[in-house]
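Working notes, beginning with the structure itself.
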Amino acid sequence: MRVTALLASRGARAHRRAWAAVFAALAFTSLLLGTLGLALGSAGLGHPRVARYAAAALVVAGDQNTRFTATPWGSKPRTAEAGLTERVRVPVAALGVVRKVHGVRAAVADEVFPVGRDGRAAVGRPWAAAQLAPHAVRDGRAPRRAHEVVMGGGARIGARTVLRVGGTDRAYTVVGVAGGPRTAVYFTAGEARRLAGHPGSVDAIGVVARPGVETEELHARVRAALDAAGAGSVGPRADGDRAGLRVLTGNGRGGAEFLDAGPARAGLLELLGSVAATVVLTALLVVSSTVVQALRQRAREWGLLRSVGATPGQVRGAVGKEVGQVAVPAALVGALGAFPGYLALRGVLAARGALPAGLELPFPPWLWTAPLVTAGVTVLVARLAALIAGAGAAKLRPAEALRETAPGTARKVTGLVLLLVGVSSAGTATLQGGEAAEAAAGAAVVTMVSACALLGPWIADGAMRVLGVPLRRYCGPGGYLASANCRAAARRSGAALTPVVLVTAFIGVQLSAGATFTQAGAAQAREALRAGLAVRADGGLPAGAVERIRGVPGVRAATDVVRGTVVLARRDAGEPRLDRLPVLGVTPQRLTQALDPGVREGTVRGLRPGTVAVGADRARSLDLRPGSTVTLRFGDGAPARLRVVAIYERSLALGDFLFSRDELLRHRSRPAGARVLVTVAPGGDRAAVAAALMAAVPGARVETEPVPVRVAAEGQALSGVVTVAAVAAIGGFTVIAVLSTLSLIALGRRPELRLLRLVGAGRGAVRRMLRLEAAATAVTGLAVGAAVASVPLLAFSLAVARTVPYLPAVAAVLIVAVVAGTTGAGTMLPVRAVLREPYPGKGAAGDGG
């Protein structure tokens, strides 16, 4: 132990510059893992904000989860669960059950519905539910008659206001102004029940406890009463998906108000977990490579130690302790940087609107210890890398330390096998669709980069055979030296190539995949839009508005478009899975003249309740064709067995399923502002038609440049921000890897450069040689990285977007600039002192050319 401690201490002091590169890599690893650890912890504690029911002890709400049970191969039955984003309602009968429970002071039925007020969106509720917040009248009084309302703000007592609900305008008198949201409009209980349009059910029941009654005790009583009464959520559910009523307390009460928060939190956890796994994998690869390179520069030192009697165990112990002395302070420095990193991530998410309204992400003081845990993980990664590197150093024989050993055949065979596996995985992606293609393409990238790391020496040798000719012919003595050096030290050149290939392939794939998907979806949306005008109104269009619009002179076609979600239950390798998908509902009359989905088979003219049109990719994965049937669950959990009437192409823009508007509306609890796409007849005057539409549908707004219709995948904004942050972070990580590896190589070459100066090479010739070596490394790394990225990207693009990969020019230039800059800096900066030195033994002699 004393010997290994002495060797480690002396080695760490003597090779401070070499360990500085390892320190930087480990500190950045700790920073990234700490940031993700804080984000994961905060998301794990996340919950919907409690606002509307802050004064309620309990909230009784419908079951907002749907379940699917299946038996994987050779295993026990498993159940998948997914949140529902449309409100599952509570039967009115439950109100009477709750009111009879001992300890309940009041049980208040709540209804929430959209209202159009002065051309802006507002929220309607019964006045009795205001006490659940609690909100009180600040001026005036509560509503007593059906035509009276209380406003949340910005209103004058006694004023008459026209409100639009369900497409119908009606005048109300403002009798009070209440605290709370300015967008709130409060009605009498009877009027709110009528406007909500759900007789026999309510949105939720807020429970106010009597003084002195504990929440836990009241919860148990209400739960028992509802179970005894056999109360369940309103509406049918799929087999095996029993939907009871939830009794929510504490932070869970917000789930009855913000329906999107729960699913968004689950998606955030899954996304952050995936990014964290990628960071750990990349960290292990980068740190291992950096540690191995740092020790490889000291081969002669290890050989000398072995020759004077050091045992393999002592060498391994010295390596481990030496790495530990660097890893611990680096991990702690990175842990400190995790806090500003997390705050920056939260700031970006908030600025981009990536988190849904109502999702709270707590940050309690005890969570501040998470970076210490991830710092421990970083040290573990470093020790694992030291174990791998120390094994090679311990086996080194003294004679082997004097020369660069050629890479073995086993390494070459393993690299070729991995390369073949990666290409095969990319080929598999072309036969898949959606997430399966994305997973296969991602596996291909990892496998092919690993193959390039193993085949680095042979790639470097082959590249210099190609680049060596112009270097020797056109670049003078510096070019000759660069070519000879790269070929003579192929293993060293291969080590320099690996991080360049990694940064090029990783950043290229991440940026190009998202850009390709976005561009293809936008192109499909533009191709699908045939309408030149759009009509919309907050609070809904009046009944028969679509027919009135079609009757306006100059209108060729009109279709009403509504958005919704469905849940698809399926098996993935035997495992049960529930996918929540965004969908559209349309009116089918002359649909293709206003919104053309690109029908391949069948016809959308037969689209009505009980039928569905399916996107081509989804139809292929489910083996559907016109006449087939598919079982789906709507956004409120209700199952439906639907007959397929058409297969269409433009699913990236319009979603995987296209429904009749009437069917989708039956399962929507929160209808957004209606939007009707209108196509003007050939030769028609658009301005005149727009004016006629406003006259035909009072209160509506007409868009003269309608935005193309495109469904947004759930959590798309969140995924986009986290993905960009991950690309920036891991891209920076791989840039550090490039700098670290090249710096270590350059530091190890200082004796070689001094020898070149000693035999007569001038500063200019050596500097030119190093620059050409850096250029050769950058060009080869960019070419190989682009090739590695293009194979899975091409497979993914053809499978998912039916197009070739797309990378914005700015991104391409950025990748080239980053690689060129880091390669040059990593090669030249560590040897500046050597290049400034005079000829050894000659004082301040001249350059000598």
Side-chain angles (χ1 to χ4, degrees), residues 47-48 58-72 75-98 100-101 107 109-110 198-207 218-250 252-263 265-266 564-572 574-581 629-642 663 666-670:
H47 59 82
L58 309 171
V59 177
V60 178
D63 186 353
Q64 290 293 146
N65 289 311
T66 186
R67 300 158 194 86
F68 173 53
T69 302
T71 304
S75 182
K76 295 180 180 179
R78 297 183 186 176
T79 300
E81 190 171 295
L84 298 171
T85 53
E86 300 293 343
R87 184 172 298 282
V88 179
R89 301 180 65 78
V90 179
V92 169
L95 191 61
V97 174
V98 174
K100 294 177 182 178
V101 174
D110 193 14
H198 297 285
S201 66
V202 296
D203 280 13
I205 299 172
V207 180
L218 187 60
H219 175 274
R221 292 175 187 171
V222 172
R223 180 76 274 169
L226 292 172
D227 291 342
S233 300
V234 173
R237 300 296 277 261
D239 293 340
D241 184 21
R242 183 183 177 277
L245 293 176
R246 299 178 298 163
V247 181
L248 308 174
T249 62
R253 293 169 297 170
E257 178 179 358
F258 298 103
L259 303 183
D260 295 333
R265 172 182 166 273
T565 59
V566 297
V567 178
L568 174 65
R570 62 185 179 91
R571 290 178 174 85
D572 186 2
E575 294 283 344
R577 178 158 183 168
L578 291 168
D579 296 329
R580 196 167 39 248
L581 306 170
T629 57
V630 60
T631 301
L632 298 171
R633 307 180 190 195
F634 286 100
D636 59 356
R641 189 171 176 82
L642 306 162
E663 175 139 54
R666 293 174 189 169
H667 303 279
R668 290 221 55 193
S669 59
R670 302 167 296 170

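Across all their heavy atoms, Asn65 and Arg67 have their closest contact at O-NH1, 3.3 Å. Summarising the geometry of Ala70 relative to Arg571, their closest heavy-atom pair is CB-NE, 3.5 Å, with the distance given to 0.1 Å. Taking every heavy atom of both residues into account, Val90 and Asp203 meet most closely at CG2-O, 3.9 Å. Across Pro236 and Pro639, no two heavy atoms sit closer than the pair O-CD, 3.7 Å. Looking at every heavy atom in both residues, Gly252 comes nearest to Leu248 through O-CD1, 3.3 Å. The two residues Ser233 and Gly244 come nearest to each other via the heavy atoms OG-O, 2.6 Å.
In this structure, the side chain of Glu86 does not engage the main chain of Thr565 through any donor-acceptor pair within 3.5 Å. Between the side chain of Gln64 and the backbone N or O of Leu84 there is at least one donor-acceptor pair closer than 3.5 Å. Using modelled atom types, no side-chain atom of Arg237 and backbone atom of Ala638 make a donor-acceptor pair closer than 3.5 Å.
By the side chain to side chain contact (heavy atoms under 4.5 Å, CB included) test, Pro77 is found to be paired with Thr69, Thr71, residues two or more places apart in sequence or in another chain being considered. With sequence neighbours left out, the salt bridge (Lys or Arg N to Asp or Glu O under 4.0 Å) criterion links Arg633 to Asp241. Partners of Thr631 by side chain to side chain contact (heavy atoms under 4.5 Å, CB included), not counting sequence neighbours, listed by chain and number: Arg641. In this structure His667 satisfies the ring-ring contact (aromatic ring centres under 6.0 Å, His included) test together with Phe634, sequence neighbours excluded. Applying the side-chain hydrogen bond (donor to acceptor under 3.5 Å, both in side chains) criterion to Arg265, with sequence neighbours excluded, gives no partner residue. Scored by the salt bridge (Lys or Arg N to Asp or Glu O under 4.0 Å) test, Arg78 finds Glu575 as partners (sequence neighbours excluded). For Val234, the side chain to side chain contact (heavy atoms under 4.5 Å, CB included) test picks out Arg89, Pro91, Ser201, with sequence neighbours left out. Partners of Asp636 according to the salt bridge (Lys or Arg N to Asp or Glu O under 4.0 Å) rule, which considers only residues two or more places apart in sequence or in another chain, do not exist here. Residues satisfying the side chain to side chain contact (heavy atoms under 4.5 Å, CB included) criterion with Arg221, sequence neighbours excluded, are Val101, His102, Val213, Glu217.
Atom CZ of Arg577 is separated from atom CG of Leu568 by 10.0 Å, given to the nearest 0.5 angstrom. Ile205 contributes atom CD1, which lies 7.5 Å from atom CG of Leu245 (distance to the nearest 0.5 angstrom).
The shortest side-chain heavy-atom distance between His47 and Phe258 does not fall under the 4.5 Å cut-off. Between Val97 and Leu226, some side-chain heavy-atom pair lies under the 4.5 Å cut-off. The closest side-chain heavy-atom distance from Leu218 to Leu58 is below 4.5 Å.
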Using the rule given for side-chain contact (heavy atoms from CB on, under 4.5 Å), can you reason through Asp110 versus Val202, listing the C-alpha separation, both sets of side-chain angles and the distance that settles it, and then say yes or no? CA-CA 6 Å; Asp110 193 14; Val202 296; over 6 Å; no
